[in-house]
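Below: one structure, written as structure tokens.
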Amino acid sequence: MTDIELWTRILKGDKVAFEELYHRYYSSLFGYALRLNFDEETIKDCLQDMFVKIYVSHSSLPTLSYVKSYLYRTLLNALLDSSKAARNRSLPLDEYVDIPIDDTGLMQIFETNDSDLKKVQLLKKGFQQLSSKQRNAIYFRFVQEFSWDELADMFEMSSHSCMNLVGRSVAKLRQIVLAGGQFH
């Protein structure tokens, strides 16, 4: 069942659909929040509050085109509200969130030999040289596997602009990595 079908059923009060959505996204949302350096208890509280609000207020929730980006943005807003870090925020996502990259995430891409370790180190170095917006775009597109439309919804920009942003980000990353060493 697609996210949209689940959401439509949730709006009608379908408990099974709610449980499916919860199980589908809890772990990835939790992992995302950990990467943002929030503590585990705050994350659990915010996730619980978010899902309880969805369950209790199902009849007043908006019809969505992109459930995944809605959940990520809702969690992010709850985390920021809980930390009181941004009272009257009207900043775009990239100005208050920066996703760190770690060796574990990069190592999943490659086998574990010396050549691949060098690739991971070059990628990490290159990733750190990208802007926060570029890092976030790459993270949501390739790690969280957002569609172009979900990415556009998350960043509040057009799909075409997101494609350009990711394309430029990948090109810049490639340029940085190639300047740092040649892959064989």
Side-chain angles (χ1 to χ4, degrees), residues 1-106 108 127-128 130-157 162 165-166:
M1 184 176 314
T2 68
D3 287 352
I4 297 298
E5 291 168 333
L6 278 177
W7 192 257
T8 301
R9 290 176 58 186
I10 289 168
L11 294 178
K12 296 175 184 173
D14 186 326
K15 182 180 177 182
V16 174
F18 171 79
E19 289 173 0
E20 171 66 25
L21 185 77
Y22 177 88
H23 290 296
R24 186 177 292 182
Y25 284 106
Y26 186 90
S27 293
S28 61
L29 289 165
F30 188 85
Y32 163 66
L34 279 175
R35 289 181 148 291
L36 297 176
N37 293 319
F38 286 94
D39 68 274
E40 288 189 24
E41 290 307 311
T42 300
I43 296 168
K44 288 176 184 176
D45 289 345
C46 288
L47 278 168
Q48 180 179 347
D49 291 347
M50 180 183 80
F51 280 110
V52 165
K53 285 179 186 174
I54 289 171
Y55 185 76
V56 171
S57 305
H58 65 272
S59 61
S60 62
L61 293 171
T63 301
L64 300 175
S65 298
Y66 308 106
V67 176
K68 186 178 189 179
S69 60
Y70 174 82
L71 294 174
Y72 277 80
R73 184 169 285 281
T74 300
L75 176 60
L76 174 62
N77 288 339
L79 290 165
L80 291 172
D81 287 345
S82 75
S83 68
K84 308 215 182 329
R87 278 282 176 219
N88 296 319
R89 66 185 178 283
S90 59
L91 297 173
L93 173 74
D94 58 286
E95 291 188 28
Y96 55 87
V97 175
D98 190 18
I99 305 211
I101 187 92
D102 59 17
D103 293 342
T104 307
L106 289 173
Q108 292 173 352
F127 194 79
Q128 291 168 341
L130 296 176
S131 72
S132 175
K133 188 173 195 171
Q134 290 171 319
R135 286 190 299 269
N136 285 319
I138 288 173
Y139 174 79
F140 283 113
R141 178 67 180 149
F142 298 112
V143 177
Q144 292 299 327
E145 299 178 344
F146 274 37
S147 71
W148 293 115
D149 290 333
E150 289 171 326
L151 198 62
D153 187 54
M154 186 75 175
F155 280 94
E156 298 176 337
M157 57 195 313
C162 286
L165 173 62
V166 170

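When a residue number appears, it is its place in the shown sequence, counting from 1. Quick caveat, the model's predicted, so the values are computed rather than measured.
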Please round to the nearest 0.5 Å and tell me the distance separating atom NZ of Lys133 and atom CE of Met157. 4.0 Å
Say whether Gln144 and Tyr72, considering side chains only, have a donor N or O and an acceptor N or O under 3.5 Å apart. yes
Contacts of Ser57 that satisfy side chain to side chain donor-acceptor pair (under 3.5 Å) - sequence neighbours left out: none
Contacts of Asp149 that satisfy side-chain contact (heavy atoms from CB on, under 4.5 Å) - sequence neighbours left out: Tyr66, Ser147, Ser159
Quick one: list whatever passes salt bridge (Lys or Arg N to Asp or Glu O under 4.0 Å) with Asp153, sequence neighbours left out. none
Going by salt bridge (Lys or Arg N to Asp or Glu O under 4.0 Å), name the residues that satisfy it together with Asp14, two or more places apart in sequence or in a different chain. Arg9
Donor-acceptor check, side chain of Ser82 to backbone of Leu79, threshold 3.5 angstrom: yes or no? yes
Pairs flagged by salt bridge (charged side-chain N to carboxylate O under 4.0 Å, His left out) wherever residues 17-26 is involved - sequence neighbours left out: Asp3-Arg24, Glu20-Arg24
Give every residue pair that meets the salt bridge (charged side-chain N to carboxylate O under 4.0 Å, His left out) criterion with at least one member in residues 59-70, sequence neighbours excluded. none
Atom CD in Glu156, atom SG in Cys162: separation rounded to 0.5 Å? 10.5 Å
Go through the structure and list residues passing ring pair (Phe, Tyr, Trp, His ring centres under 6.0 Å) with Phe18, not counting sequence neighbours. Tyr55
Residues that Leu47 engages under side-chain contact (heavy atoms from CB on, under 4.5 Å), provided they are two or more places apart: Tyr26, Leu29, Phe30, Ile43, Met50, Phe51, Leu75
Test side chain to side chain donor-acceptor pair (under 3.5 Å) applied to Ser65 - qualifying residues, sequence neighbours left out: none
Residues at least two apart in sequence or cross-chain that pass side-chain contact (heavy atoms from CB on, under 4.5 Å) with Gln48, listed by chain then number, are Val52
Got a sec, which residues hit side-chain contact (heavy atoms from CB on, under 4.5 Å) with Thr8, two or more places apart in sequence or on another chain? Ile4, Lys12
What is the distance from atom CZ of Phe142 to atom CG of Leu151, rounded to the nearest 0.5 Å? 9.5 Å
Taking the six-membered ring for Trp and the single ring otherwise, decide whether the centroids of Tyr32 and Phe140 are under 6.0 Å apart. yes
Hey, what do you get for CG (Leu130) to CZ (Arg135), rounding to the nearest 0.5 Å? 7.0 Å
